[in-house]
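All remarks here apply to the structure that follows.
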Amino acid sequence: VFVAAGHAVPIRIAGRVTDAVSGAPVVSISVVAMAGALVRGTTDQNGMFDLPGLPPGAYGAVAVSQFGLYPGETFGGLTCLTPCSVNAAPRIISVSASAVATADFRLTPGATISGRVTAAGSQMPVAGVTIYPVHDSGGRGVPLTPATTDAQGRYTVQGLPAGRYRLVAFSGPYVTQVFGGVMCTTLEMCDSGNVGGLGVPVDVSAGGAATERNFELTPGGGFSGTVVEAGSGQAVTSGSITVYQIMNGAVFPTTTVSVD
């Protein structure tokens, strides 16, 4: 908005972020808007945010949970599977006709999936395992933010949009596994785009919880050696080695390690 003398009127986007179920204010949510330049604000204890000093224009906006309790959401109510993009916002905030544009968000609580990871045989907890939740989105897998097991082997993935998931457990000393006991024999097998038909799916509703999704991981085999230069016998201290597996006459890469 411009006054007759040509001076810009200070323009802002302001609003409130609340929980769609309880109506309670949501604190410490990051709100991002963009129309050329990107601006960012954070909700206060009342769920209020303020993005001041904006030039006139049409803005897309998203609200993103900093603590992972809510899925990201665009202005207009579109839940984000991948990191939210303001360009995906179905509703645009116009700040050309008013000094203050209001943009309120009602965030749907995210779902949680939790469980425990132990070693097959010993049943000892396995710490440091990365659990990847892969959302089944129209037949293709979309990996979301993973969780890591603690000293007791427990993990909790939170802030998930409602839907169907495949869980993939990854740890260097153990064979990668899809929840349901399916061991990944190749890198491609457990790529996020290929796990849709593997293992046992985990379904969660908005704000719901799926518990005791437990894994028993099998220790992987290994080998070691030294890489030397032909002729001189001098050690090679850079490069990489890829391990391949032969299955039914086909060759698949399983892992790649660096030469130190």
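Numbers here simply count residues along the sequence, with the first being 1. Just so it is clear, the values below take in all heavy atoms, side chains as well, and ignore hydrogens, waters and symmetry mates.
Note that the OG1 atom of Thr149 and the CD1 atom of Ile131 stand 6.5 Å from one another [nearest 0.5 Å]. Interatomic distance, Asp44 CG to Ser28 OG, rounded to the nearest 0.5 Å: 9.0 Å. Taking CD of Gln158 as the start and OG1 of Thr112 as the end, the distance is 8.0 Å to the nearest 0.5 Å.
Put simply, the side chain of Arg213 reaches to within 4.5 Å of the side chain of Tyr155, judged on heavy atoms. Using a 4.5 Å heavy-atom cutoff, the side chains of His135 and Arg166 are not in contact. Using a 4.5 Å heavy-atom threshold, the side chains of Pro161 and Leu144 count as touching. Side chains of Arg116 and Pro125 form a contact here, defined as non-hydrogen atoms less than 4.5 Å apart.
Hydrophobic clustering keeps Val228 apart from Val236 (ILVMFWY residues linked when any side-chain heavy atoms are closer than 4.5 Å, directly or through intermediates). At a threshold of 4.5 Å between side-chain heavy atoms, the hydrophobic network of Ile, Leu, Val, Met, Phe, Trp and Tyr places Phe105 and Val21 in two separate groups. Under the 4.5 Å side-chain heavy-atom criterion for ILVMFWY residues, a single connected hydrophobic cluster contains both Leu217 and Val200. Val129 and Met124 sit in two unconnected hydrophobic clusters of ILVMFWY residues. Membership requires side-chain heavy atoms under 4.5 Å apart, directly or through other members.
Checked by atom type and distance alone, the side chain of Asn214 never pairs as donor or acceptor with a backbone atom of Val117 at under 3.5 Å. A donor-acceptor pair under 3.5 Å is formed between the side chain of Thr43 and the backbone N or O of Ile29.
Among residues at least two apart or in separate chains, side-chain hydrogen bond (donor to acceptor under 3.5 Å, both in side chains) pairs with a member in residues 227-239 are Glu229-Ser232.
When every heavy atom of Gln177 is checked against every heavy atom of Phe215, the shortest pair comes out as OE1-CD2, 3.6 Å. Residue Arg106 comes nearest to Glu73 through the heavy atom pair O-OE2, 3.2 Å, listed as atom of the first residue, atom of the second, then distance. Considering every non-hydrogen atom in both Pro146 and Pro133, the closest pair reads CA-CD, 3.8 Å. Ile241 and Val227 make their closest contact through CD1-CG2, 3.7 Å (heavy atoms, listed as atom of the first residue, atom of the second, distance). In terms of heavy atoms, Ser205 sits closest to Ala162 at C-CB, 3.8 Å. The heavy-atom pair separating Phe75 from Thr102 by the smallest distance is CZ-O, 4.4 Å.
The aromatic ring centres of Tyr132 and Phe170 sit 6.0 Å or more apart.
Few gaps surround CE on Met34; more than 12 heavy atoms of other groups in view lie less than 6.0 Å from it.
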Begin with the C-alpha distance, continue with both residues' side-chain angles, and end with the deciding distance and a verdict on side chain to side chain contact (heavy atoms under 4.5 Å, CB included) for Val134 and Tyr165. CA-CA 5 Å; Val134 181; Tyr165 291 84; 5.9 Å; no
Test side chain to side chain donor-acceptor pair (under 3.5 Å) on Asp150 and Gln152; report intermediate values, then the result. CA-CA 5 Å; Asp150 61 18; Gln152 302 304 314; over 6 Å; no
Can you check side chain to side chain contact (heavy atoms under 4.5 Å, CB included) on Cys80 and Thr74, steps first, answer last? CA-CA 7 Å; Cys80 307; Thr74 68; 3.9 Å; yes
With a 3.5 Å cut-off and sequence neighbours excluded, list the donor-acceptor pairs that the side chains of residues 45-61 form with protein atoms.
{"unit_1": "Asp50", "atom_1": "OD1", "unit_2": "Arg12", "atom_2": "NE", "d": "2.9"}
{"unit_1": "Asp50", "atom_1": "OD2", "unit_2": "Arg12", "atom_2": "NE", "d": "3.2"}
{"unit_1": "Asp50", "atom_1": "OD2", "unit_2": "Arg12", "atom_2": "NH2", "d": "2.8"}
{"unit_1": "Tyr59", "atom_1": "OH", "unit_2": "Pro55", "atom_2": "O", "d": "2.7"}

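Each of Asp203, Leu160, Thr211 was scored for a side-chain contact (heavy atoms from CB on, under 4.5 Å) with Ile113, with one residue passing: Leu160.
Listed by chain and residue number, Ser30 satisfy the side chain to side chain donor-acceptor pair (under 3.5 Å) test with Arg40 (two or more places apart in sequence, or in another chain).
A side-chain N or O of Tyr70 and one of Asp19 form a donor-acceptor pair less than 3.5 Å apart.
Ionic pairing of Arg16 and Asp104 is not present here: no N-O contact between side-chain nitrogen and carboxylate oxygen is shorter than 4.0 angstrom.
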